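To start, the structure under review is shown below, and the notes come after it.
Predicted, not measured: the structure shown is a model, and the values here were computed from it.
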Amino acid sequence: MLSSMPLPQHKLPTRDEGLFQMQIRDKALFHDSSVLPDGAEISGYLFRDTPKRYYFVVEEDNTPLLVTLTPCDAPLEWRLTLQELPEDRSGEGSGEPEPLEQQKQQVTGNEGTELFTYKGNDVESFISTSSPSGLYQLEIISTEKDSNFKIYSTTTPESDQPYPELPYDPRVDVTALGRTTVTLAWKPTPTGSIMGQPIQYCVVINKEHNFKSICAAEAKMSLDDSFMIAPKPGQDFSPFDFVHFGFVPSENDFKDRSLTTNRALSNKMSRTYIPKPKVADIQKICIGNKNIFTVTDLKPDMQYYFDVFAVNTGTNMSTAYVGTFARTKEEAKQKTVELKDGKVTDVFIKRKGSKFLRFAPVSSHQRVTLFIHACLDEVQVQVRRDGKLVLSQNVEGVRQFQLRGKPKAKYLIRLRGSRKGASTLKVLASTRAGGKQPFPALPEDTRIKAFDKLRTCSSVTVAWLGTQERNKYCVYRREVSESYGEEHRRREQNQCAGPESRRKSEKVLCKYFHSANLQKAVTTETITGLEAGKSYLLDVYVVGHSGHSVKYQSKLVKTRKYC
């Protein structure tokens with residue numbers, strides 16, 4: 001997210017509220033239009049590799065500006081530019097602003113000044129507290145597939161606040177877990193509990209992955225055609241209309257956007273029916289303003305992903321909580337998880353719960369190497385070999401244990417979860433000697449050290465320990481608010497979330513590092529390009545040979561305000 005210079009102290013410009021309300025009521029004004037309304041969310045559709053451009057005018061200098069784009073089906077590339085309009089050559093200017101359509105024609109072929117670019121499937125925003133007047137162009141393209149999206153733009157972001165605000169802890173928690181049920185709980189949005197706005201919560205359940213927006217979930221469901229607008233009599237159907245009614249375009253369709261209805265039906269459409277996903281595969285349930293919900297009719301021993309969205313029923317605009325996942329309990333007869341030799345197993349344990357794992361090597365062995373990667377809070381590990389206790393320790397982060405083997409021995413591993421919340425782990429047991437290990441080697445101390453005397457207004461210098469094993473280290477940074485503290489950092493400390501979960505804009509660098517002498521296995525890095533007086537959260541990921549990564553303890557740093 002970008003931000004411009006602080007706003008000068010003077011009265012902010014405001015939009016004409018009467019005109020705005022009249023425009024919003026006239027839905028036809030924005031249907032298939034390239035004009036972005038001020039203060040309203042619109043839906044759009046993109047054909048693959050076909051860019052689409054939208055325009056809006058900022059009438060006064062020093063105007064706040066917010067543009068938010070929500071991808072629904074696929075990652076999008078978008079670019080915001082400020083167009084430079086040519087001077088009036090006739091010398092007969094009336095003093096009245098030119099119509100938007102005429103301004104758009106004048107900027108055709110003009111690259112303009114680039115303000116912001118983004119590529120990905122996150123809900124991303126450009127925000128500026130003081131923007132110059134002029135014609136702004138938003139260009140969007142989807143390079144993967146046809147896709148729909150939503151855009152919201154406003155020159156009054158402080159007063160609008162259309163999206164529900166997330167609470168200080170935006171996570172969805174699993175509070176109870178059964179064989180066919182999962183109970184979820186989350187903190188209420190301040191938009192409803194404090195500001196009194198009409199809020200309802202919608203829960204999405206599926207077996208594949210978490211969703212970053214409610215429209216992404218609805219696109220996956222392909223069951224809600226509420227955004228379809230019926231064409232006026234005599235007006236051509238758009239190709240998208242046919243796609244949504246169950247027809248897919250052939251390979252060379254839609255190169256000519258002036259297709260008539262008859263040509264679209266007779267020459268350009270393949271009447272292949274698109275089967276809709278089974279309702280059981282993905283569900284959306286809106287539950288009013290309750291912030292506790294029990295999902296029922298699930299299958300035992302099945303992993304599900306759960307997302308919660310706060311929806312402002314007045315504007316129909318929504319905000320996503322941080323989703324979660326859980327595996328339902330096995331049938332009563334299946335009380336232990338069988339570990340396979342050399343294979344990583346994901347384990348989920350509810351708060352204060354326990355999980356039993358069984359490892360029975362098929363061949364004789366001299367030792368067993370046990371890897372435990374506790375992604376969140378500390379867990380207790382107990383290992384019994386043929387009923388005898390051989391290991392009992394608390395584990396935080398990644399730990400490796402060497403157990404002496406015995407012929408035909410069987411190992412029972414008990415994992416006990418944290419009292420603070422649910423636990424997620426990665427577990428691997430192996431009898432194979434040598435070879436590359438799945439998890440990267442870690443030093444005893446996984447803290448990141450910041451050098452206070454080397455802080456400047458635009459940079460910080462940090463150091464961390466390495467090992468004798470050559471590994472790849474990736475550094476990421478994220479600006480955080482002044483109120484961000486250790487409690488926030490602890491809640492976000494999921495060591496199993498790798499670099500692939502981060503935005504590209506947060507990446508600082510990646511480098512390889514090791515030292516044969518452990519006493520000298522330390523590396524430093526100066527992170528530049530920071531803003532004065534700002535707080536940043538720094539993360540270091542170490543990536544192993546098999547791709548498994550582990551995150552060092554996050555470090556909160558702050559640049560100097562005055563230099």
Return the [atom1] to [atom2] distance between [X] and [Y], rounded to the nearest 0.5 Å.
| X | Y | atom1 | atom2 | answer |
| --- | --- | --- | --- | --- |
| Ile413 | Leu339 | CD1 | CG | 5.0 Å |
| Ile205 | Lys284 | CD1 | NZ | 11.5 Å |
| Arg560 | Asp452 | CZ | CG | 5.5 Å |
| Leu370 | Arg399 | CG | CZ | 10.5 Å |
| Leu46 | Ile141 | CG | CD1 | 8.0 Å |
| Leu76 | Ser142 | CG | OG | 5.5 Å |

Before accepting this row, confirm whether a basic side-chain N of the pair [X]/[Y] lies closer than 4.0 Å to the acidic partner's carboxylate O.
| X | Y | answer |
| --- | --- | --- |
| Glu139 | Lys52 | no |
| Glu506 | Arg477 | no |
| Lys426 | Asp346 | yes |
| Lys145 | Asp73 | no |
| Asp539 | Arg478 | no |
| Arg327 | Asp301 | yes |

For the residue pair [X] and [Y], what are the closest heavy atoms and their distance?
| X | Y | answer |
| --- | --- | --- |
| Ser418 | Arg351 | O-CG, 3.5 Å |
| Phe211 | Asp307 | N-OD2, 3.0 Å |
| Ser535 | Ser481 | CB-O, 4.2 Å |
| Tyr411 | Arg404 | OH-O, 3.7 Å |
| Tyr321 | Val172 | CB-CG2, 3.8 Å |
| Pro167 | Pro188 | CB-O, 3.5 Å |

Taking the six-membered ring for Trp, are [X] and [Y] parallel (under 30°), tilted (30 to 60°) or perpendicular (over 60°)?
| X | Y | answer |
| --- | --- | --- |
| Tyr476 | Tyr541 | perpendicular |
| Phe47 | Tyr45 | perpendicular |
| Phe325 | Phe348 | tilted |

Decide if atom [atom1] of [X] counts as having more than 12 heavy atoms of other residues, nucleotides or ligands within a radius under 6.0 Å.
| X | atom1 | value |
| --- | --- | --- |
| Glu500 | CD | yes |
| Gln366 | CD | no |
| Asn316 | CG | no |
| Asn517 | CG | yes |

Exercise. Are Thr68 and Ser125 close enough, and set up right, to give a side chain to side chain donor-acceptor pair (under 3.5 Å), and what steps lead you there?
Worked result: CA-CA 4 Å; Thr68 299; Ser125 298; 2.7 Å; yes
For this session: For Lys350, enumerate each residue passing the salt bridge (charged side-chain N to carboxylate O under 4.0 Å, His left out) test, keeping only those at least two apart in sequence or located in another chain.
Result: none
Exercise. Taking only residues two or more places apart in sequence, or in another chain, which ones meet Glu396 in a salt bridge (charged side-chain N to carboxylate O under 4.0 Å, His left out)?
Worked result: none
Just by modelled atom types, is the [Y] backbone N or O under 3.5 Å from a matching donor or acceptor in the [X] side chain?
| X | Y | value |
| --- | --- | --- |
| Thr189 | Glu165 | yes |
| Arg455 | Lys558 | yes |
| Asp445 | Arg447 | yes |
| Gln468 | Ala516 | yes |
| Thr328 | Met302 | yes |
| Thr456 | Ser459 | yes |
| Tyr304 | Lys299 | yes |
| Asn210 | Gly323 | no |
| Asp341 | Pro361 | no |

Exercise. Do you know which of Gln402, Gln400, Arg432 makes side-chain hydrogen bond (donor to acceptor under 3.5 Å, both in side chains) with Thr369?
Worked result: Gln402
Problem set entry | CA sep, side-chain torsions, deciding dist, call: Glu144, Arg48, salt bridge (Lys or Arg N to Asp or Glu O under 4.0 Å) | CA-CA 6 Å; Glu144 288 191 9; Arg48 184 169 63 99; over 6 Å; no
Distance-only donor-acceptor check, side chains [X] and [Y], under 3.5 Å:
| X | Y | answer |
| --- | --- | --- |
| Thr70 | Ser213 | no |
| Glu531 | Ser458 | no |
| Thr526 | Thr461 | yes |
| Asn206 | Lys220 | no |
| Lys534 | Thr559 | no |

For this session: Kindly determine whether Thr345 and Leu425 satisfy side chain to side chain contact (heavy atoms under 4.5 Å, CB included), including the steps that lead there.
Result: CA-CA 8 Å; Thr345 299; Leu425 303 94; over 6 Å; no
For this session: Give the intermediate values and the outcome of side chain to side chain donor-acceptor pair (under 3.5 Å) for residues Lys511 and Thr523.
Result: CA-CA 10 Å; Lys511 68 178 184 180; Thr523 184; 2.6 Å; yes
Taking the six-membered ring where the residue is Trp, are the ring centres of [X] and [Y] under 6.0 Å apart?
| X | Y | answer |
| --- | --- | --- |
| Phe371 | His373 | no |
| Trp78 | Phe116 | yes |
| Trp186 | Phe293 | no |

Problem set entry | Stepwise side chain to side chain donor-acceptor pair (under 3.5 Å) check, Lys187 with Asn291 | CA-CA 7 Å; Lys187 304 270 189 311; Asn291 63 322; over 6 Å; no
Exercise. Should Thr175 and Thr183 be marked as a side chain to side chain donor-acceptor pair (under 3.5 Å) after you check the CA-CA gap, both sets of side-chain angles, and the distance that decides it?
Worked result: CA-CA 6 Å; Thr175 59; Thr183 299; 4.8 Å; no
Problem set entry | Cationic tip of Arg470 above Tyr512 ring, under 6.0 Å, 45° of axis | yes
For this session: Sequence neighbours left out, what pairs pass disulfide bond (SG atoms under 2.5 Å apart) with at least one residue falling in residues 507-553?
Result: Cys474-Cys510
For this session: Go through Lys551 and Ser549 one step at a time and tell me if the side chain to side chain contact (heavy atoms under 4.5 Å, CB included) criterion holds.
Result: CA-CA 7 Å; Lys551 185 169 74 169; Ser549 61; over 6 Å; no
